[in-house]
Trainee: 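The following block contains the structure, expressed as structure tokens.
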Amino acid sequence: MTTSNVESPLDVAQIRADFPILHQVDDEQHPLVYLDNGASSQRPKSVIDCLSDVYAKHYANVHRGAHRLSGESTDLFEVARRAVRQFIGAASENEVIFTSGTTMGINLVARSWGDSNLKKGDEILLTEMEHHSNLVPWHQLAERTGATIRAIPITKDGQLDLDFLPKLLTERTKLVAVTAVSNVLGTINPVGQIITAAHAAGAKVLVDAAQAVPHEAIDVGLWDADFVAFSGHKMLGPSGVGVLYGKEILLDEMPPFLGGGSMIDMVEIDRFTPAMLPAKFEAGTPPIADAIAMTPAIEYLEEVGLERILQHEQSLAAYAHELLSDVKGLRILGPEVTAKAGIVSFVVDGLAASDVATFLDGRGVAVREGHHCTLPLHKKLGISASVRASFYLYNTREEVEKLSDAVHAAVEFFG
Ligand code: PMP
């Protein structure tokens with residue numbers, strides 16, 4: 001039996017009933033087939049209701065007012081921080097910084113930790129499958145400090161070639177920045193193994209967990225990661241909020257990234273002293289309602305069960321591999337289904353990815369096309385763009401069939 005025949009462990013019909021946006025049709029009555037979850041997931045009613053409830057009943061600025069509403073919103077904001085702490089296995093709430101998303105979290109580390117710890121001759125080790133968010137902040141850091149960028153190459157089947165690790169990890173390596181799951185190939189990287197090797201070489205590790213946290217139970221303590229960044233909007237939560245996890249001992253030593261209200265202990269006309277954690281890294285008014293709505297998002301994921309979610313997505317990916325395998329000239333990027341999350345990116349000989357995606361959209365199938373913010377990866381693969389279908393807990397086998405039917409039709413139409 002192939003993985004694609006394995007029955008989903010989820011009651012998908014019941015899950016879909018919780019997601020109002022999924023029940024729409026386009027002008028030609030095609031039901032929405034939402035397969036762009038790698039870019040952003042949709043939200044269950046509990047998250048949408050929470051947002052409206054906060055604004056209708058509890059909203060005020062946090063950590064400021066002496067009044068009742070500010071107390072209520074502050075309590076809810078800190079409840080969300082506790083929910084995140086428990087969700088990712090952090091040791092303390094001081095290690096959970098609310099950001100605007102993965103990009104902001106990585107920039108925070110590059111500016112604050114990077115500027116204080118790197119110098120000319122030091123090396124930053126990345127991988128060839130990183131998202132621009134986990135590349136450009138390090139390029140900018142290298143420009144500021146004179147550090148050098150190196151990268152772990154990928155194998156032909158889209159996995160990290162860890163045979164290179166002993167050669168690439170040296171006493172010059174100060175930081176390893178690696179994605180836990182590739183947003184294009186779907187590859188699930190052996191983060192724990194990389195962290196152990198990096199620590200043995202004396203380097204710190206930042207994990208880009210944007211594509212991991214929505215689909216697999218992570219434990220930052222088990223990983224022993226130094227920094228982990230992820231976004232709310234890919235894990236059933238609101239856009240505009242994300243999380244940076246950092247080991248308290250590191251965050252304590254780091255200077256603030258942004259300056260402003262809330263992040264200070266004391267300010268005089270010509271100096272300031274920063275606040276304690278986590279406020280030190282939360283300058284200005286945070287995304288209040290968005291952070292609060294992380295609580296129902298986490299509750300939803302935990303109730304369904306992340307292990308079961310990943311299993312479900314992998315069975316859909318396996319089914320997609322099977323159905324797309326007979327499309328003439330179609331090549332799926334990345335490893336075998338067993339080594340990846342529910343992401344199926346592909347190219348079709350002679351067809352522009354944008355044409356395929358537009359054709360699919362005409363049948364209600366929402367996918368992403370382009371370089372998916374991974375230009376170096378696409379260059380390595382010798383392509384300029386690809387089509388990406390990315391699955392989540394509410395997608396069905398019928399939707400995979402619609403994807404496949406639409407791709408077959410696109411190839412016939414353009415071919
Ligand atoms: N890293 C990866 C692997 C991603 O997939 C994304 C989002 N596409 C990001 C970083 C950036 O996330 P955000 O835009 O939410 O900051």
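Index from 1, following the sequence. Bear in mind that the values here come from a model prediction, so they are computed numbers and not experimental data. First listed ligand is number 1; within each ligand, the first listed atom is number 1.
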Trainee: Side chain or backbone, does Arg368 bring an N or O within less than 3.5 Å of an N or O on ligand 1?
Mentor: no
Trainee: In the protein, which heavy atom is nearest to atom 16 (O) of ligand 1, and how far is it?
Mentor: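 Looking only at protein heavy atoms, the one closest to atom 16 (O) of ligand 1 is Thr103 OG1, 2.5 Å.
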Trainee: In the protein, which heavy atom is nearest to atom 11 (C) of ligand 1, and how far is it?
Mentor: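 Protein heavy atom with the smallest distance to atom 11 (C) of ligand 1: Ser133 OG, 3.5 Å.
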Trainee: Counting only heavy atoms not in Glu336 (residues, nucleotides, ligands), do more than 12 fall under 6.0 Å from its CD?
Mentor: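 Open.
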Trainee: Can you sort out which atoms of ligand 1 are near Ser231, meaning under 4.0 Å from one of its heavy atoms?
Mentor: 12 (O), 13 (P), 15 (O), 16 (O)
Trainee: Provide, to 0.1 Å, the distance between atom 1 (N) of ligand 1 and the closest protein heavy atom, together with that atom's residue and name.
Mentor: Asp208 OD2, 2.5 Å
Trainee: Answer with side chain, backbone, both or neither: which part of Lys234 has a heavy atom less than 4.0 angstrom from an atom of ligand 1?
Mentor: side chain
Trainee: Do the ring centers of Tyr34 and Phe19 come within less than 6.0 Å of each other?
Mentor: no
Trainee: Among all the protein's non-hydrogen atoms, which is closest to atom 4 (C) of ligand 1, and how far away is it?
Mentor: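 Nearest neighbour among protein heavy atoms for atom 4 (C) of ligand 1, to 0.1 Å: His131 CD2, 3.3 Å.
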Trainee: Tell me: protein heavy atom nearest atom 5 (O) of ligand 1, and distance?
Mentor: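 Among all protein heavy atoms, the one nearest atom 5 (O) of ligand 1 is Gln211 NE2, 2.6 Å.
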Trainee: What about the rings of Tyr392 and His312, do their centers lie closer together than 6.0 Å?
Mentor: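 No - the distance between ring centres of Tyr392 and His312 does not fall below the 6.0 Å cut-off.
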Trainee: What's the shortest heavy-atom distance between Ala80 and Ala291, and which atoms?
Mentor: CB-O, 3.1 Å
Trainee: For Arg16, is there any backbone N or O sitting under 3.5 Å from a side-chain donor or acceptor partner on His23?
Mentor: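 Yes; judged by distance alone, with no hydrogens or angles, the pair exists.
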Trainee: Let me check something: any side-chain donor-acceptor pairs from residues 341-351 under 3.5 Å, sequence neighbours excluded? List them with distances.
Mentor:
residue, atom, partner, partner atom, Å
Ser345, OG, Val184, O, 2.7

Trainee: Quick one: does any side-chain atom of Arg388 pair with a main-chain N or O of Asn183 as donor and acceptor, under 3.5 Å?
Mentor: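 Present.
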Trainee: For His233, is the nearest heavy atom under 4.0 Å from an atom of ligand 1?
Mentor: yes
Trainee: Is it the side chain, the backbone, both or neither of His372 that has a heavy atom closer than 4.0 Å to ligand 1?
Mentor: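 Neither part.
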